[in-house]
Amino acid sequence: MARNGKSIKNQLRVRRVVDVPLREVSGICLGRSDNGRMFLIAVGDRAAKIAWFSLSGSEEVRIDWHTRSIAKLSGSKLPKHNPQIEAVCADGGGRILLLQETPPSVELIDPKALEAVASIDLVVEGRDDIARAATRRGREAKERCYCPAGICSSPKRKSRRR
C-alpha cells in the first residue's frame, strides 16, 4: 500500500527518461504508421522541426530518433524560425496535425510527401472571453479550447521571468 491508501499499481511512475533532439518540446503524441507500427512524435516551437522514433515492445532497446525540418514543406505557411507550434496530433495515415499559436492556425502535413495537405486559419469573431483571448498575442488563447462538455482550460504555466 502507498501512503494515501491506494495500491502502488495505480500510481503513475517514470519508466524511462529520454532526451529529445529538439531545443524545446511543446507538443508530443503517439501515432501509428501505415503498417500499424506505433511511434512517438515531438514538436517544438523554437524551430520548425519534428522528431520521432518507432516504439518497440522493450524498454531496453536504444531509441533511434529521426528529425526533419518542416519549414520548407510545399504549401506550408510555417516560418523556419520561431513557428510557435504548441501541439501535435498524428493520424493513422502518417500525417501530422500542428497547432500554431501565433498566428493562430492549424496545419495538416504529410512528412513523407514533404507537403502541407491543409492549412486552416483560426479566427474567432465576437466580443466574448474566447474571442478577446484569441485576438491577443498571448498564451490565454491556447489555454482554452472547445470540447464536448463545454469550454476546457489547461493549467496556466508559471512565468519564467524573475
Side-chain angles (χ1 to χ4, degrees), residues 12 17-55 63-162:
L12 184 63
V17 177
V18 298
D19 291 320
V20 180
L22 298 173
R23 185 171 174 191
E24 176 184 346
V25 175
S26 59
I28 195 161
C29 73
L30 288 173
R32 188 178 303 273
S33 64
D34 294 336
N35 64 6
R37 187 158 186 126
M38 295 291 292
F39 60 95
L40 184 124
I41 185 164
V43 66
D45 67 356
R46 298 277 179 151
K49 185 188 284 190
I50 57 173
W52 73 95
F53 71 89
S54 184
L55 297 172
I63 292 176
D64 185 21
W65 282 102
H66 303 275
T67 60
R68 175 169 285 162
S69 172
I70 54 174
K72 296 181 181 178
L73 296 179
S74 174
S76 176
K77 297 178 182 178
L78 293 173
K80 182 175 182 176
H81 299 290
N82 202 23
Q84 293 299 305
I85 300 169
E86 298 297 335
V88 62
C89 182
D91 71 5
R95 294 173 301 200
I96 301 165
L97 186 70
L98 304 168
L99 173 66
Q100 186 179 16
E101 180 181 8
T102 305
S105 64
V106 177
E107 227 172 69
L108 180 65
I109 65 168
D110 184 341
K112 289 180 186 173
L114 297 174
E115 68 179 358
V117 178
S119 183
I120 302 167
D121 293 329
L122 301 176
V123 178
V124 181
E125 296 178 350
R127 295 176 175 243
D128 61 6
D129 288 343
I130 299 292
R132 285 195 307 271
T135 57
R136 284 196 293 270
R137 188 186 168 122
R139 299 208 179 273
E140 189 175 347
K142 76 171 186 181
E143 291 167 354
R144 296 182 181 181
C145 65
Y146 290 101
C147 61
I151 296 175
C152 303
S153 292
S154 65
K156 295 192 185 234
R157 295 184 202 173
K158 292 183 178 176
S159 174
R160 295 181 194 168
R161 296 181 192 161
R162 294 187 180 187

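Values in this document were obtained by computation on a predicted structure and should not be read as measured data.
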Exercise for the section: Could you tell me whether the side chain of Arg68 and the main chain of Pro111 form a donor-acceptor pair under 3.5 Å? Expected result: yes
Fill in the blank from the handout: Rounded to the nearest 0.5 Å, the OG atom of Ser119 sits from the CD1 atom of Ile109 at a distance of 11.5 Å
Handout entry: Closest heavy-atom pair and its distance - Ala90, Leu30
Key = CB-O, 4.1 Å
Handout entry: Closest non-hydrogen atom pair between Thr67 and Pro21, with its separation
Key = CG2-CG, 3.7 Å
Handout entry: Minimum heavy-atom distance between Leu99 and Val106, given as atom pair plus value
Key = CD1-CG2, 3.9 Å
Exercise for the section: Mind checking the CG-CG spacing from Asp45 to Leu98? Nearest 0.5 Å is all I need. Expected result: 12.0 Å
Exercise for the section: Could you grab the distance from atom CG of Leu78 to atom CD of Gln84, nearest 0.5 Å is fine? Expected result: 11.0 Å
Practice task
Could you check Asp91 against Leu97 for side-chain contact (heavy atoms from CB on, under 4.5 Å), going step by step and ending with a plain yes or no?
Solution key: CA-CA 8 Å; Asp91 71 5; Leu97 186 70; over 6 Å; no
Completion exercise
dist Ile63:CD1 -> Ser54:OG (nearest 0.5 Å) comes out at 11.0 Å
Fill in the blank from the handout: In this structure, CG of Leu108 is separated from CZ of Arg95 (nearest 0.5 Å) by 5.5 Å
Handout entry: side-chain contact (heavy atoms from CB on, under 4.5 Å) between Asp64 and Phe53, intermediate numbers included
Key = CA-CA 6 Å; Asp64 185 21; Phe53 71 89; 5.6 Å; no
Completion exercise
All heavy atoms of Ala48 vs all of Pro79, minimum pair found to be CB-O, 3.4 Å
Fill in the blank from the handout: Ala51 and Val20 have their tightest heavy-atom pair at CB-CG1, 4.3 Å
Fill in the blank from the handout: In this structure, CH2 of Trp65 is separated from CH2 of Trp52 (nearest 0.5 Å) by 10.5 Å
Practice task
Would you check if Glu107 and Ile85 make a side-chain contact, meaning some heavy-atom pair closer than 4.5 Å?
Solution key: no
Practice task
Would you confirm whether Gln100, through its side chain, and Pro83, through its main-chain N or O, come within 3.5 Å as a donor-acceptor pair?
Solution key: yes
Practice task
Give a yes or no on whether Asp121 atom CG has more than 12 heavy-atom contacts from other residues, nucleotides or ligands under 6.0 Å away.
Solution key: yes
Handout entry: Exercise: identify the closest heavy-atom pair between Ala116 and Leu73
Key = N-CB, 4.2 Å
